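As the structure is a computational prediction, the values presented were derived from the model and not from experiment.
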Amino acid sequence: MKISDAKVFVGGPAKNYVTLKIMTDQGIYGLGDATLNNRETLPAAYLQDYLIPNLIGMDPRNSEDIWQFFYRGAYFRRGPIAMAAFGAIDMALWDIKGKLANMPLYQLFGGKSREGAMVYAHATGADLEDLMDSISAYVEEGYKAVRVQCGIPGMPSASYATPEKRGNTRNYITSYKGIQPKIEIWDTDRYLRFMPDALAAIRERFGPELKILHDVHHRLTPREAAELAKAVEPTRLFWLEDPTPAENQDVLQLIRQHSTTPIAIGEVFNSIWDCNRLIEDELIDFIRVAVTYAGGITHVKRIVDLAGLHNVRTGFHGAPSHSPISMAAQAHLNAWAPNFGIQEYLVLGTPECDALFPSNHRMENGLVHVSDAPGLGVDFDEKEAERYDYQPGSHPVVRLEDGTVWNY
Ligand code: CS2
Ligand code: MG
């Protein structure tokens, strides 16, 4: 069996998805997602210019060898662009493997460990009352867990704030349009004065059962993060995410020494080497990598197994930047992983998105039920794809009030 061709598509409804389709000489094809949010053309170029010419003629069943060939063969290892490109190839090869075996992927991993995998939605509000409305809407729909982000009084433009009051606060998809980044202003002191009480009020309003998550988006210093993690202990968060930038991993010890609030980190990591220390030293409770830019199923499965040895559960990144292809790959891992924690899940299910990526994965009462179709269980409609092309975008850049650049 040989890979006969491969194509890359960039574009999609309201979002640039980087979709890889690998064809074989036996007519079976596989799909992968190489979307790297706001840098989409780069993994696409890596695939087109370097990887696809090498892929043609390879045996698609040797997914491990192909992964090693590209990873070691690159010489310059890791990095989100390369790992997103390898990840897309890897997903597509697993998709082919599942179709050959006539089995859904979770069966190849070891079968189902659960019937439905718990997901969390993004509730956002321009202010606390607005956020409460957003949470209520998700709770009414049956979600068991919500991430809560809120506008901070006196801080007009942080990514937590939805500038449009109501209306736009559900199904939150941040608009990053344009190559010039939007500037947001951040003030740590205002945030730290507001957030612990806001989280306590949410717990008070929604009671003990709701799982409440909050994303700090790398904004705090280690000491400030320890202060916040300690202050929110009575609220019993499901997790506190990215409290500090994770380049310096020693600082996580400071947070641990001061608080028992569960910590989730890893959405910007792209290899096991970015998180092995955090996992082995048990400095985090949830690992947030995504199959998209952490090298695909082959590599992420290794991270999941390492995490399982150290009481660390999964909480894969699932922002709208991921296409339904990588979300399907994660649905299969979530069905299998003995140390599954939760899945971030944003309702992509617009009619346009469903038409482009038809699948039978379904969300019901806050749980994702994985499809039983062979392989990834998601398809890609090339005719639909012709409607879209690449739209440049950029993440916001954050500055302090005096102009100092801060962390997004
Ligand atoms: C966030 C993301 O989903 C999350 O937890 O941190 O919304 C993040 O802003 C985007 O993925 C950036 O591309
Ligand atoms: Mg995050």
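Among residues two or more places apart in sequence or in another chain, the ring-ring contact (aromatic ring centres under 6.0 Å, His included) test is passed with Phe238 by Phe286. Under the side-chain hydrogen bond (donor to acceptor under 3.5 Å, both in side chains) criterion, Glu384 pairs with Arg387, sequence neighbours left out. Residues forming a ring-ring contact (aromatic ring centres under 6.0 Å, His included) with His369 (at least two apart in sequence, or on another chain): none. In this structure, the side-chain contact (heavy atoms from CB on, under 4.5 Å) partners of Pro392, at least two apart in sequence or on a different chain, are Ile179, Tyr390. For Phe194, the ring-ring contact (aromatic ring centres under 6.0 Å, His included) criterion is met by no residue, not counting sequence neighbours. In terms of the side-chain contact (heavy atoms from CB on, under 4.5 Å) criterion, residue partners of Ser271 (sequence neighbours excluded) are, by chain and number, Arg78, Met83, Trp273, Asp274, His299. Partners of Phe316 by ring-ring contact (aromatic ring centres under 6.0 Å, His included), not counting sequence neighbours: none found. By the side-chain contact (heavy atoms from CB on, under 4.5 Å) test, Arg302 is found to be paired with Glu64, Gln68, Ile272, Thr298, residues two or more places apart in sequence or in another chain being considered. Applying the side-chain hydrogen bond (donor to acceptor under 3.5 Å, both in side chains) criterion to Arg193, with sequence neighbours excluded, gives Asp189. Checked against side-chain contact (heavy atoms from CB on, under 4.5 Å), Tyr50 has the following partners two or more places apart in sequence or in another chain: Tyr46.
Taking the ring centre of Trp94 as origin, the terminal cationic atom of Lys301 falls outside the region bounded by 6.0 Å and 45° from the ring axis.
Aromatic ring pairs are classed by plane angle as parallel below 30°, tilted from 30° to 60° and perpendicular above 60°; the pair Tyr191 and Trp186 is tilted.
By the 4.5 Å heavy-atom criterion applied to side chains, Leu93 and Ile3 are counted as neighbours. A 4.5 Å side-chain heavy-atom check between Pro243 and Leu228 finds every atom pair outside the cut-off. Using a 4.5 Å heavy-atom threshold, the side chains of Thr35 and Ser326 count as separate.
Within 6.0 Å of CD in Glu209 there are 12 or fewer heavy atoms belonging to other residues, nucleotides or ligands.
Within the 3.5 Å criterion, the main-chain N or O of Gly341 finds a donor-acceptor partner in the side chain of Thr314. With Trp239 contributing its side chain and Ala264 its backbone, the two residues share no donor-acceptor pair below 3.5 Å. Under a 3.5 Å cut-off, the side chain of His214 and the backbone N or O of Leu240 do not form any donor-acceptor pair. Side chain of Asp127 to backbone of Glu129: a donor-acceptor contact under 3.5 angstrom is found. In terms of modelled atom types and a separation under 3.5 Å, the side chain of His310 and the main chain of Ile284 share no donor-acceptor contact. Side-chain atoms of Arg256 never come within 3.5 Å of backbone atoms of Thr260 as a donor-acceptor pair (strictly under, hydrogens ignored).
When each of Phe380, Tyr17, Tyr388 is checked for a ring pair (Phe, Tyr, Trp, His ring centres under 6.0 Å) with Phe9, only Phe380 meets the rule. With Tyr71 as reference, Trp67 is the one residue of Phe69, Tyr75, Trp67 to meet the ring pair (Phe, Tyr, Trp, His ring centres under 6.0 Å) rule.
Side-chain polar atoms of Glu344 and His122 form a donor-acceptor pair below 3.5 angstrom. Using modelled atom types and a 3.5 Å distance limit, the side chains of Asp215 and Gln149 yield no donor-acceptor pair. A donor and an acceptor atom, one from each side chain of Tyr29 and Asp5, are nowhere located under 3.5 Å apart. When only modelled atom types and interatomic distance are considered, Tyr293 and Asp33 share no side-chain donor-acceptor pair under 3.5 Å.
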* Asked: Between Met118 and Asn334, is a side chain to side chain contact (heavy atoms under 4.5 Å, CB included) present by the stated rule, with each step listed?
  -> CA-CA 9 Å; Met118 181 171 61; Asn334 292 336; over 6 Å; no
* Start with the C-alpha gap between Glu184 and Trp406, add the side-chain angles, then the distance that decides, and say whether side chain to side chain contact (heavy atoms under 4.5 Å, CB included) holds. => CA-CA 10 Å; Glu184 293 184 351; Trp406 205 241; over 6 Å; no
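Within the structure, the salt bridge (Lys or Arg N to Asp or Glu O under 4.0 Å) test picks out the following pairs touching residues 358-370 (sequence neighbours left out): Arg362-Glu364. Within the structure, every pair that satisfies the salt bridge (Lys or Arg N to Asp or Glu O under 4.0 Å) test and touches residues 19-28, not counting sequence neighbours, is listed here: Lys21-Glu382.
Using a cut-off of 4.0 Å between Lys/Arg side-chain N and Asp/Glu carboxylate O, Glu40 and Lys15 are scored as salt-bridged. A salt bridge between Lys383 and Glu386 is present, with a side-chain N of the basic residue lying under 4.0 Å from a carboxylate O of the acidic one.
You'll find the ring centres of Tyr120 and Tyr345 outside the 6.0 Å limit. When ring centroids are compared, His217 and Tyr408 come within the 6.0 Å threshold.
Between Tyr143 and Val119, the shortest heavy-atom contact is CE2-CG2, 3.8 Å.
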